[in-house]
Amino acid sequence: MANIEDEIARGNQAAELLRSEILKEAFDKLQDYYVDAWIHTAIDETAKRERLHISINVLSEIQEHLASVAMTGRMAADQIVAAKDDRYH
């Protein structure tokens, strides 16, 4: 049971992070900064545009990972509830 309980705890932590206004602000500000910097690169700054593109993608990947961990935690919690319900029926 410890593994499923760990998944639930991790899921709760990830969900809390996703609800965090300061983290949302950080993602939004970084996204805006990267996009603005990308738009304002000179035509010969290909490497800089590529780094900014990667940075934008990494922000998205972090958010997706947190959402995945949160969903896994919710599913783990649902499994425990379902297992308890099965025992009483």
Side-chain angles (χ1 to χ4, degrees):
M1 234 15 192
N3 189 25
I4 199 163
E5 290 170 353
D6 289 345
E7 287 182 5
I8 292 169
R10 285 173 38 86
N12 289 337
Q13 289 174 340
E16 187 175 328
L17 286 171
L18 289 169
R19 288 189 302 269
S20 166
E21 290 302 320
I22 194 73
L23 188 62
K24 287 179 193 177
E25 179 184 318
F27 279 120
D28 290 344
K29 285 190 179 284
L30 285 169
Q31 175 88 12
D32 291 346
Y33 172 78
Y34 294 147
V35 169
D36 186 59
W38 188 19
I39 290 169
H40 291 96
T41 55
I43 196 159
D44 62 342
E45 293 183 302
T46 305
K48 183 176 181 180
R49 278 192 300 278
E50 289 176 359
R51 284 191 307 272
L52 290 164
H53 178 74
I54 291 168
S55 297
I56 291 166
N57 286 336
V58 167
L59 286 176
S60 178
E61 289 172 1
I62 292 168
Q63 290 170 315
E64 290 170 8
H65 178 72
L66 290 172
S68 175
V69 172
M71 177 61 74
T72 299
R74 284 193 297 273
M75 291 186 323
D78 290 346
Q79 286 177 351
I80 288 177
V81 170
K84 287 180 182 177
D85 286 348
D86 287 346
R87 279 189 257 158
Y88 295 113
H89 293 295

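It should be emphasised that the depicted structure is a prediction, and the values quoted were computed from it without experimental measurement.
- E45 CD: more than 12 foreign heavy atoms inside a 6.0 Å radius.
- Note on L59 and L18: same hydrophobic cluster, where clusters join Ile, Leu, Val, Met, Phe, Trp and Tyr whose side-chain heavy atoms are under 4.5 Å apart, directly or indirectly.
- Interatomic distance, CG of N57 versus CD1 of I62, reported as 11.0 Å (0.5 Å rounding).
- To the nearest 0.5 angstrom, E64 atom CD is 13.0 Å from M71 atom CE.
- Within the model, atoms CD1 of I56 and CG of L30 stand 10.5 Å from one another, a figure rounded to the nearest 0.5 Å.
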**Q.** salt bridge (Lys or Arg N to Asp or Glu O under 4.0 Å) evaluation trace for E16 with R19
**A.** CA-CA 5 Å; E16 187 175 328; R19 288 189 302 269; 5.2 Å; no
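- Going from atom OH of Y33 over to atom CG of L52 covers 7.5 Å, rounded to the nearest 0.5 Å.
- Grouping the Ile, Leu, Val, Met, Phe, Trp and Tyr side chains by contacts below 4.5 angstrom, directly or via other members, places I39 with Y34.
- We find the CG-CG distance between D28 and L23 to be 9.5 Å, quoted to the nearest 0.5 Å.
- Contact between L66 and A14 at its shortest, heavy atoms only, is O-CB, 3.4 Å.
- The hydrophobic clustering, which links ILVMFWY residues whose side-chain heavy atoms are closer than 4.5 Å, places V69 and M75 apart.
- Within 6.0 Å of atom CZ in R49, more than 12 heavy atoms from other residues, nucleotides or ligands are found, so the atom counts as buried in its surroundings.
- Put simply, NE2 on H53 and OG1 on T41 are 13.0 Å apart, with the number rounded to the nearest 0.5 Å.
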